[in-house]
Each structure stands twice: as structure tokens, then as C-alpha cells.
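Numbers for residues simply follow the sequence, beginning at 1. Remember, it's 1-based here, ligands and their atoms both numbered in the order they're listed.
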Amino acid sequence: MFPEAPDKRPPVSVTWNLWHGCTRVSTGCKHCYMYRRDEAVGRDPSKVEKTKSFNLPVSRFRAGEYKGRFKVPAGSFVYTCFSSDFFHVEADKWRDDAWDMIKERSDCSFLIITKRPERIEKCLPFDWDNGWKHVMIAVTVENQEMADRRLPVYLAVPMKHYSVMIEPMLSAVDLRKYLSLGKIEDVNVGGESGPEARICDYDWVLDVHEQCVESGIGFYYHQTGARLLKDGREYRISREHQHEQAKKAGLDINRK
Ligand code: SF4
């Protein structure tokens with residue numbers, strides 16, 4: 001069934017949207033880009049539906065040089081659920097099948113980002129134990145209130161990897177008491193995009209960077225957002241420059 005020649009395809013990064021649609025849970029969801037996009041085309045963004053790419057990680061080529069092989073090459077990085085939340089209650093009926101696929105593709109890495117850490121534990125597969133090493137579940141917190149509400153719940157779930165996303169960053173966030181537990185591998189920070197973006201103060205970014213330096217963990221500044229406050233002046237940054245400007249800040253600490 002498989003070609004005799006070894007599969008030399010390089011790993012890729014892919015987005016796997018298993019289901020589409022979501023409901024807002026906190027102020028970080030206020031300007032959700034999925035809502036903006038769906039409403040612009042008259043679609044109901046709150047309706048959670050399984051997508052056509054549900055089986056993506058286990059889809060195989062039916063013909064050609066790689067007939068029989070997985071379309072997603074071994075070693076690939078799979079970003080999940082960018083138009084929903086993996087732990088949304090409306091997706092409970094599909095999640096077991098999703099875990100089966102994730103388990104089958106233990107030759108890839110999966111990133112699951114959620115704003116619903118209180119649902120993680122009850123939605124894990126029966127053989128999760130202390131976590132699967134090829135799966136990282138990251139939690140999003142947009143301000144101090146959400147950090148203090150979500151992180152204690154999140155950090156109590158047994159996992160092999162812990163990662164925190166502060167996106168969109170809407171306030172200063174003191175993570176010290178959570179970082180001191182020694183579980184969190186990295187913190188990812190970014191401002192808000194879109195026409196109604198709220199401001200992100202560069203001092204908040206620098207402060208979290210400093211906390212990560214003190215703790216010896218990774219830090220990634222993903223994007224500035226559309227409105228950046230720096231040295232008392234507000235900068236409007238166009239969509240195409242938000243990632244580039246954040247990278248230019250030179251704050252990233254890669255510990256992987
Ligand atoms: S959890 Fe994510 S996808 Fe769902 S409404 Fe909030 S921002 Fe949008």
C-alpha cells in the first residue's frame with residue numbers, strides 16, 4: 001500500500017479547524033475576528049458546526065506519488081480550532097473522535113488554545129493520564145481578572161505542557177505567583193487587531209517579558225495589535241505590520 005521510497009516530505013504547519021462557531025465568554029471575545037468575519041457574510045457565528053476538514057490529520061492521498069500516506073507529513077505542527085474553542089460544550093459530541101485522531105498522529109505536535117479551562121478536565125480522553133507529550137493545551141487570559149480566574153483551574157489539570165497566551169492584552173498582568181509553580185513553559189503576548197481594537201500598552205508587554213526572564217521561561221511577542229501605546233504616544237499599526245513590528249522589538253526568548 002505504501003510507496004517503497006521513504007517519505008521525505010518536510011514537516012509543515014497547518015491549521016485544523018475541526019468545528020466552526022463559538023459563543024463569547026469574556027471581554028477578550030468582544031471583538032472576536034470570527035464573529036466579525038461571519039457577520040460580514042450573514043452567517044450566524046454562534047452556531048457551532050463540524051467542518052469539512054474534521055478528518056484533516058488522518059486524511060490520506062488516494063493517488064499519486066504519496067498514495068496511501070497521510071496528507072499532513074510526519075513531524076508537522078497542527079494549530080487547532082482557530083474559529084471556535086476546542087472545549088466548547090456544543091462540540092462535546094465530536095471531541096472523542098478528535099482525540100482519536102490526535103492520538104493516531106502522535107508523530108505530529110498539536111496546539112489547542114482555550115478560554116474554557118474549567119471544561120478541560122471533564123473533556124480529556126480516558127487514557128490522558130498526565131498528558132500526551134505531543135499535545136499542548138494553552139489557556140488565554142486577556143487581563144488580570146481572567147488570569148486569576150482561569151490560571152488556578154488550568155494549572156490544576158494534569159498536562160505535559162503548560163502555555164499562557166495574553167491575547168488580546170488588555171491590561172497589565174502579574175503572573176508571578178503562577179510562574180513560581182514552575183509549570184508554565186512560555187508566555188505569548190499580543191495586542192488586539194481589527195477596526196475596534198483596544199489599546200495595548202508596551203509597558204505591559206515589557207513587564208511580562210521581565211517576569212519570563214526572571215522565571216527562565218520562553219516569551220513570545222506575537223503582534224503589536226492595531227493600537228500600541230509606547231512612551232506616552234499612541235501608534236496605529238496596520239494589519240500587515242503588526243507581526244513584523246513585534247518581532248523587531250527583539251523580546252522573544254526561545255527556550256524550545
Ligand atoms: S472563545 Fe475565541 S472563538 Fe470563541 S468567541 Fe471567544 S475569541 Fe471568539
Side-chain angles (χ1 to χ4, degrees), residues 13-54 56 78-95 98-99 102 110-124 135-155 157 159 162-171 173 187-200 204 220-227 239 242-243 246:
S13 292
V14 292
T15 299
W16 180 29
N17 287 323
L18 302 86
W19 36 86
H20 179 99
C22 198
T23 43
R24 292 177 164 116
V25 286
S26 61
T27 188
C29 299
K30 188 174 179 191
H31 301 139
C32 171
Y33 81 102
M34 185 275 294
Y35 264 72
R36 204 163 56 232
R37 219 177 39 195
D38 275 14
E39 282 168 354
V41 296
R43 182 174 178 172
D44 178 2
S46 67
K47 196 168 168 201
V48 183
E49 296 174 301
K50 203 167 158 182
T51 67
K52 286 187 185 140
S53 55
F54 183 74
L56 177 75
V78 184
Y79 296 88
T80 69
C81 273
F82 269 49
S83 62
S84 187
D85 191 311
F86 189 83
F87 294 103
H88 197 288
V89 68
E90 293 295 323
D92 284 357
K93 49 194 173 289
W94 307 309
R95 199 172 300 99
W99 284 126
I102 291 171
F110 290 81
L111 174 65
I112 297 169
I113 302 170
T114 187
K115 281 188 171 72
R116 292 169 166 82
E118 72 285 356
R119 299 211 72 243
I120 299 176
E121 196 145 20
K122 59 171 105 58
C123 296
L124 291 172
V135 178
M136 176 179 271
I137 300 175
V139 71
T140 305
V141 300
E142 62 268 34
N143 55 25
Q144 189 69 50
E145 183 192 349
M146 287 303 133
D148 293 336
R149 186 183 302 178
R150 290 178 183 150
L151 290 179
V153 182
Y154 169 69
L155 293 169
V157 180
M159 283 193 268
Y162 295 89
S163 175
V164 175
M165 322 271 302
I166 310 180
E167 273 193 76
M169 189 175 208
L170 301 177
S171 80
V173 182
V187 180
N188 303 265
V189 164
E192 189 167 44
S193 300
E196 298 172 290
R198 289 160 284 183
I199 214 156
C200 182
W204 304 340
Y220 301 94
Y221 185 23
H222 281 165
Q223 55 164 327
T224 59
R227 295 174 63 199
R239 178 90 192 140
Q242 290 168 22
H243 287 87

Numbered atoms of ligand 1 (with element) below 4.0 Å of R116, judged on heavy atoms: 1 (S)
Fit a plane to each ring of F86 and W99, take the angle between them on a 0 to 90° scale, and name the class: parallel (under 30°), tilted (30 to 60°) or perpendicular (over 60°). perpendicular
Any ion pair linking R116 and E118 (charged N to carboxylate O, less than 4.0 Å)? no
Any residue meeting ring-ring contact (aromatic ring centres under 6.0 Å, His included) with Y162, in chain and number order, not counting sequence neighbours: Y154
Flag the pair E142 and R150 as a salt bridge only when some basic side-chain nitrogen lies within less than 4.0 angstrom of an acidic carboxylate oxygen. yes
Counting only protein N/O/S atoms, those under 2.8 Å from atom 8 (Fe) of ligand 1 total 1
Of the non-hydrogen atoms in V153 and R149, which two are nearest, and what is the gap between them? CG2-O, 3.5 Å
Is a donor on one side and an acceptor on the other found under 3.5 Å between the side chain of T114 and the backbone of V139? no
